[in-house]
Amino acid sequence: MSRRILVLTHTGREDAMTAAHQACTQLHDSGLVPVMTRPERTEIHAIYGNGTAPAEVLDDDVELSQVDLVMVLGGDGTILRASELVRGSDVPLLGVNLGHVGFLAESERGDLAQTVQWVVERNYTVEERMAIDVSVWLGQDKLAHTWALNEAAVEKASRERMVEVAIEVDERPLSSFGCDGVVMATPTGSTAYAFSAGGPVVWPEVEALLMVPISAHALFAKPLVVSPKSSLAVELLNRTDAPGVLWCDGRRTVELPPGSRVEVRRSSMPVRLARTRRSPFSERLVRKFELPTTGWRGPSEYERAADNDEVSSTESIVTVDPHHNLDASVQKSRGVKDDDRTDPNP
């Protein structure tokens, strides 16, 4: 049976529709079955007509469980929308950036043909990114339960008024203050809203949760990095009647009346992202943020290879003589000859 690849795109952009048409055509010509949602396939047919590659329709012709991979053509917002679609399944996402920074994307628009070829050849790996479970309470009543890949942000609902909050870690109060909001984020979200609020950049393989106040009117309102086993909470205090709002990944909202409480814990269900490159995260940071690295004088690839060869050759000549106190290589380095050694057990 041919592999099925779901292609998702930003239908409001012409370049995104063109990229989707190109990807579906290349997948079909390579013997794979492109899959699209019905609205997106309808829009592509309206533009390209009979020139559109045949594509199955998700939920009509094929179930999500039958899809091998999701190719997401767009920015981070499109990838977050795709993560909602595949939530509850093991289907990985592979993003091709058509937006601005595109931190979640794996490749750029100019690499689309090569990326599709990597998909055809299964030349990619899959990594799991931590997600968070988010619960909203008002007294004993549970108002909402949702999740996020990047962050859960408690914000003021009115521009002219701060919210008064109490923050909590592991069911213990830590501080209270007035602010514009508080971001509770994953390592993946550390380069998103939390980053803009002054939080630290956390490498994706680091398992941690972040709490970052937004414009806090307080002496102690610093970003926190806590254990992935910890629980975080933000309570809207009743000192004022200022309401708040919860945003999850900038896509799902919950109104927060005074007295409500938002709890965040690590989700047992991660988001799976496909990777076609094995470059370190530091390289991604430099590339996405266009960081200045002119003048760097680190080791060259030749020097690294030479260092590795030196270590390997050194390790290869160190052998232990079980009948003597000094290792043979060390004795040679000290000028000890074989004839000068005395056997302690003649």
Notebook entry, point to check: How long is the span from the CZ atom in R3 to the CG atom in L69, to the nearest 0.5 Å?
Noted result: 7.5 Å

Margin query: Using 0.5 Å steps for rounding, measure from the CD atom of E84 to the CG atom of L149.
Written below: 10.5 Å

Notebook entry, point to check: Do S176 and R239 meet the criterion of a side-chain donor-acceptor pair at a distance under 3.5 Å?
Noted result: yes

Item checked: Polar side chain donor-acceptor pair, S83 to R129, under 3.5 angstrom -> no

Should the pair [X]-[Y] be classified as a salt bridge under the 4.0 Å nitrogen-to-oxygen rule?
{"X": "E108", "Y": "K288", "answer": "yes"}
{"X": "R284", "Y": "E106", "answer": "yes"}
{"X": "E207", "Y": "R266", "answer": "yes"}
{"X": "D68", "Y": "R4", "answer": "no"}
{"X": "D15", "Y": "R13", "answer": "yes"}
{"X": "R38", "Y": "D60", "answer": "yes"}

Next item on the list: Tell me whether the centres of the aromatic rings in F220 and F177 are closer together than 6.0 Å.
Entry: no

Item checked: Near-ring test F195/F103, centroid separation under 6.0 angstrom -> no

Check: If we only count heavy atoms from C-beta on, is the H21 to I47 side-chain gap below 4.5 Å?
Finding: no

Next item on the list: Report the residues that fulfil side chain to side chain contact (heavy atoms under 4.5 Å, CB included) with L138, sequence neighbours left out, ordered by chain and then residue number.
Entry: L143, P257, S260

